[in-house]
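Every chain is numbered from 1, with letters handed out A, B, ... down the list of sequences.
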Amino acid sequence: MEWTDERVELLRKYWSEGLSASRIAAQLGGVSRNAVIGKVHRLKLSSRGRTTTATTRQKKAPSTVTKTVVKATVQRVVTTSIGATALQAQFDAEPVVHRQLRPAENVVVPISRRLSLVDLTERTCKWPNGDPLTEEFSFCGNQSGESGPYCAYHARVAFQPASERRRLR
DNA sequence: CCCTGATTCGC
DNA sequence: GCGAATCAGG
């Protein structure tokens, strides 16, 4: 690939928006994150303001939990059928917890990165958010690892142990 | 292991 | 100028 004016412009834009080098590389296509970083340096675009160099932090749930059951919009994913039909199930943009868990633990619901199909990689959560036919549709995109197609959170929702599923009914 | 950006250095 | 390799860190 070549660093055309348009591509450099996009690079500037994404970088200023705080996107990581790897994600910018995915957006542009044809280049590696190293290429992006190298280019950023040559353009002297480093720094990027006050972006805390570290990974985006996650909000820790209220520690001093006084048996307070985490309130959340309950959503029911009906799984009376499998296969293609299941794709018609409705999903909330930001999902949620169902009832409570054993020793009532506060599960941290991850914030979806809302990636588009083209931004998914082998290790990003492929849990769909919203209706595939609308513009708001996106995928969770958090890290999933080789463990599966979903992040830790969505894996739990997707693969509920038979025992637990019984309880939820 | 996965990810992030920073630097180096041969091409 | 480019970017893979490598380093340093979460």
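The nearest pair of heavy atoms linking Ala21(A) to Ile37(A) is CB-CG1, 3.4 Å. Scanning all heavy atoms of the two residues, the minimum distance from Ile24(A) to Tyr14(A) falls at CG1-CB, 3.5 Å.
Taking side-chain N and O atoms only, Ser46(A) has no distance below 4.0 Å to OP1 or OP2 of dG5(B). Listed pair Lys39(A) / dG3(C) fails the phosphate criterion, with no side-chain N or O lying under 4.0 Å from OP1 or OP2. Using a 4.0 Å cut-off, some side-chain N or O of Trp3(A) falls inside it from OP1 or OP2 of dG3(C).
With hydrogens and angles disregarded, a donor-acceptor distance shorter than 3.5 Å links the side chain of Thr121(A) to the backbone of Arg123(A).
Aromatic ring pairs are classed by plane angle as parallel below 30°, tilted from 30° to 60° and perpendicular above 60°; the pair Trp127(A) and Tyr150(A) is perpendicular.
Rounded to whole Å, atom P of dG5(B) lies 12 Å from atom CG of Leu11(A). dC2(B) atom P lies 9 Å from atom CD of Gln143(A), rounded to whole Å. For the pair Arg123(A) CZ and dC1(B) P, the interatomic distance rounds to 10 Å; values are reported in whole Å. As a whole-Å value, the separation of Lys44(A) NZ from dC2(C) P is 12 Å. Between the CD atom of Glu122(A) and the C1' atom of dC1(B) there is a distance of 15 Å, rounded to whole Å. In this structure, CG of Leu115(A) is placed 12 Å from P of dC3(B), rounded to the nearest angstrom.
Every side chain to side chain donor-acceptor pair (under 3.5 Å) that Thr134(A) has, sequence neighbours left out, goes to Glu136(A). Among residues two or more places apart in sequence or in another chain, the side chain to side chain donor-acceptor pair (under 3.5 Å) test is passed with Ser138(A) by none. For Ser16(A), the side chain to side chain donor-acceptor pair (under 3.5 Å) criterion is met by no residue, not counting sequence neighbours.
Within residues 20-30 of chain A, the residues that have a heavy atom under 4.0 Å from DNA chain B are, in order of number, Ser20(A), Ala21(A), Ser22(A).
Within the structure, side chain to side chain donor-acceptor pair (under 3.5 Å) pairs that include any residue of residues 28-38 of chain A do not occur (at least two apart or interchain).
For Arg42(A), the listed nucleotide lying nearest its side chain is dG3(C); candidates were dC2(B), dG3(C), dG5(B).
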Extract from the structure each pairing of a protein N or O with an N or O of nucleotides 4-6 of chain C at less than 3.5 Å, listing the distance.
unit_1	atom_1	unit_2	atom_2	d
dA4(C)	OP2	Ser32(A)	OG	2.4
dA5(C)	N7	Asn34(A)	ND2	3.2
dA5(C)	N6	Asn34(A)	OD1	2.9

Check: Between Asp119(A) and Arg23(A), is a side chain to side chain contact (heavy atoms under 4.5 Å, CB included) present by the stated rule, with each step listed?
Finding: CA-CA 7 Å; Asp119(A) 293 323; Arg23(A) 294 222 274 153; 5.8 Å; no

